[in-house]
Amino acid sequence: MSTSDSPTPDTRSNFIYDIIEEDLEAGTYGDRVVTRFPPEPNGYLHIGHAKSIVLNFGIKHDYADRADTQCHLRFDDTNPETESPEYVDSIKEAVRWLGYDWEEHEYYASDYFEQFYEYAVKLIKQGDAYVDSLDEEEIREYRGTVEEPGTPSPYRDRSVEENLALFRKMKAGEFEDGAHVLRAKIDMSSPHMIMRDPLLFRIKHAHHYRQGDDWCIYPMYDYAHPLEDAIEDITHSLCTLEFDNNRRVYDWVMEHCLDEDELPSRPRQYEFNRLNLGYTVMSKTKLRHLIEEDLVGGWDDPRLPTISGLRRRGVPPRAIRSFCRDVGVTRSQSRVQIGHFEHALRDDLNPKAPRVMAVLDPLKVTVTNWGEDEIDWIDANHWPRDIDKDETRPVPFTRTFYIERDDFREDPPDDFFRLAPGREVRLRHAYFFTCEDVIRDDDGTVTELRGTIDPDTRGATAPDGRSPEGTLHWVSASQGVPFEARLYDRLFEVPDPDARDKHFTEFLNPDSLNVRQGILEPAVRDLAADQRVQFERQGYFWPDPEDSTPDALIYNQIVPLRDTWGEEEDGLTQEELERRRREKEKRKQRQRKRSLEGKTDPAEYLDDDQRDRFDYFRDALDLSRNDAAVIAGDNALADFFDAAREHYDAPSALANWTVNELLGALKDGRTVEDLPFGPDAFATLVRLVDTDEITTRGADAVFDVLLEDGGAPEAIVDAHDLRQVDDTDALRSTVHSVLDDHPDEVARYRDGKKSLIGFFMGQVMDATNGAANPEVARELLQDELDE
RNA sequence: UGCCCAGUAGCUCAAUCGGCAGAGCGUCCGGCUCUGGACCGGGAGGCUGGUGGUUCGAAUCCACCCUGGGCAACCA
């Protein structure tokens, strides 16, 4: 099944698709879109990886008709100590099973070792890398802490020649593990820990599963990964949020290793939120722990979120794909409810799984008005009427059969409409049955039910039109097939087992596996061995691929049916929702209190000189405390502000623009010195808007041009025709045409949706290229609309 | 007490670079039904983390604060 046949493009768009869209439009990479899935072969894949696979390979499919797309499968095998070919194979199988094809694009980071080495030599020659001979402990100490800057290594200033010689010897195997490392020479006092001279290569005399003993120096992730991407001409390198900090090194490596002309189309890294599923654990080490301690059956235990576990459980790959698309790709951390996953499963299985009957907890029933050896073979549809299929199978009805123990109650509550003494129910596909006798053993446990069927109700409909409330599934005692059912529940009892005080295994759910000896209708023998079926009223199942045999059938429960009777498993009852709402409200109030308490005086962080300036701004210029502090706190900005005042003496207007617009434009690390315009142009702009010659909106447009190309504000105003329109008659006609063009909105506005005024304002402003005097326009609109 | 990221419906996410706060799931009610499933129709649910500011207009821009997460491995 292809992946491009489900969700429509708009439902799967996300910020990464937006970026790709922009790059395609700008031609950053020509018409190429190349992604990659880069697992380290040191463990098995889980559903979290599936999200990444679906994202990366999904892009390949989704843009196939508009771009030259490709998705590489790359094994990031740069650490010989943990990696093995066993994992390579399992990863390849998992990706294939999920429905994706990397074609000829199977790569290994270890194949690039020579190139990593060459790039390192280049860095050394440029003076951008050095061999450090501190030991591990010392390196850590020299690095400093998050609060204190690091100190440079005494080996930091070795000559290029010395570094080169040392590095060659490292490669040649002349040193012990840990004797030296190669480091990037960046900035030991950087506020970003990652930039304090990150390690590039370390010595490891270890056997690599692919390279054997050819190498004894191995590259670090932060160095190797960008180069891998560059070597493969990746365009969009997608990884999870925790690599956000690493992006700085990623960019540094690109900029220092690549040639100038390669930079415009170099790979870029983008981070998205990893998948967090509730009631399970996802980390490799925790999964390994569960297996090594025999707390689960193995990597493919159906309770595990591993790909192999899900596969064995019977989860169809298509359901995983649609789930991964549903959960969304954003930059905000989140935990997805398990119910969401189950919904995706049912949604996929519902139209694909033929219905059969199975009893998992049998209670014997005898029909007293039915012959001992009489068998009625009923032709029963495999599909409910709302599914457009109609294969049938023969179902044998006999004197004794089994029903689910749960489906009988001696003292039924009002809302229980299954079987009870004296009550008539429908036996699915067969007859109406009335319970007349209840047989118990010495303990009082019900062992058998006796009763009669109405022979006129064959096919489970009555000629007189009566219809029992309950319908029960059942299986013939003599013709049914005994089998084992394995029911799975969440592995842990809490949504966040790995984020608590106690060890995560303390929260294991003792009932996560529930084995039942049940009985199955005989027709299942005619189904394909890997056929997923629905056991009516219970859930979706399939035969366990490892343990089930034709003589001893074993079925795994893939997912139970949604059950609206009885307790809510997810605890999402009305009360729970109400409780959560209240909790959220309380949380907000607490936050409000704290945020108010935490407020500081904006002038608090000023030094003495800045303080003087602040006082002047506030007292002589009458600026607000906040604006005065913000401007005074940035010397260059304050100089700019003062210079602007020379050209237009309106301190408060200038301050507003300086703080609210100028500062916003400087967010990307630029300073006022980098701007393509000076204080005079800035002052002119502020004057134009302050004297109502242009509108705020027009000023924004001018400011954008200024930021981009510089120039004279007045010339820009003329060029773009931005002079403010105050003429009431001219505006009135614009207002009229806007209202005429949007009769529906007008009706809704008059119907009470007053917030549409913003919509109309927007239309008027658009129609006038932002030049309409907003106050006049608003008044006119209001007049027309409220008449 | 550094740097980075994120806070929108119970949950997952939207909101065309300042102009109508929406969708799916969940929930509740109704319909249909030989599955307490599926399906169909409808409803409820929001001070867009907070306070100020800029603006005709702020979820979006500015400042400060609050909350959560990440970063100080010779792992990736």
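From a predicted model like this one, the values you see are computed outputs, not experimental measurements. Residue numbers start from 1 in every chain, and the chains themselves are labelled A, B, ... in the order their sequence lines are given, proteins ahead of strands.
- Among the atoms of the strands shown, base atoms are found under 4.0 Å from some heavy atom of A:Phe243.
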Quiz prompt | Per-nucleotide pairing state of RNA chain B [Watson-Crick or G-U, under 3.5 Å; [ ] pseudoknot-crossing; | other strand] | solution = .((((((..((((.....[..)))).(((((.......))))).....(((((..]....))))))))))).....
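- Contacts of A:Tyr431 with the nucleic acid, taken as non-hydrogen atoms under 4.0 Å apart, are absent.
- Residue A:Leu134 is in base contact, counting any heavy-atom pair closer than 4.0 Å across all strands shown.
- Comparing B:U35, B:C20, B:A76 by their nearest atom to the side chain of A:Arg748 picks out B:C20.
- Contact between the side-chain N/O atoms of A:Arg579 and the OP1/OP2 oxygens of B:G10 is not found at any separation under 4.0 Å.
- Base contact: A:Arg385 has a heavy atom under 4.0 Å from a base atom.
- Here A:Lys599 lies in heavy-atom contact (under 4.0 Å) with a base.
- Looking at heavy-atom distances under 4.0 Å, A:Glu775 makes contact with sugar-phosphate atoms alone, never a base.
- Residue A:Arg562 is in sugar-phosphate contact alone, with no base atom involved, counting any heavy-atom pair closer than 4.0 Å across all strands shown.
- Side-chain atoms of A:Glu40 and A:Asn42 form a donor-acceptor pair, as typed in the model, at a separation below 3.5 Å.
- Counting non-hydrogen atoms under 4.0 angstrom, A:Gly762 reaches a base of the nucleic acid.
- A:Thr78 comes within 4.0 angstrom of the backbone, heavy atoms only, and of no base.
- Contacts of A:Lys593 with the nucleic acid, taken as non-hydrogen atoms under 4.0 Å apart, are absent.
- Residue A:Val659 is classed as a sugar-phosphate contact, given heavy-atom separations below 4.0 Å to backbone atoms only.
- Nucleotides B:U60 and B:A14 place their C1' atoms 14 Å apart, quoted to the nearest Å.
- Among the atoms of the strands shown, base atoms are found under 4.0 Å from some heavy atom of A:Gly178.
- Residue contacts for A:Leu663: at a heavy-atom cut-off of 4.0 Å it reaches the sugar-phosphate backbone alone, with no base atom in range.
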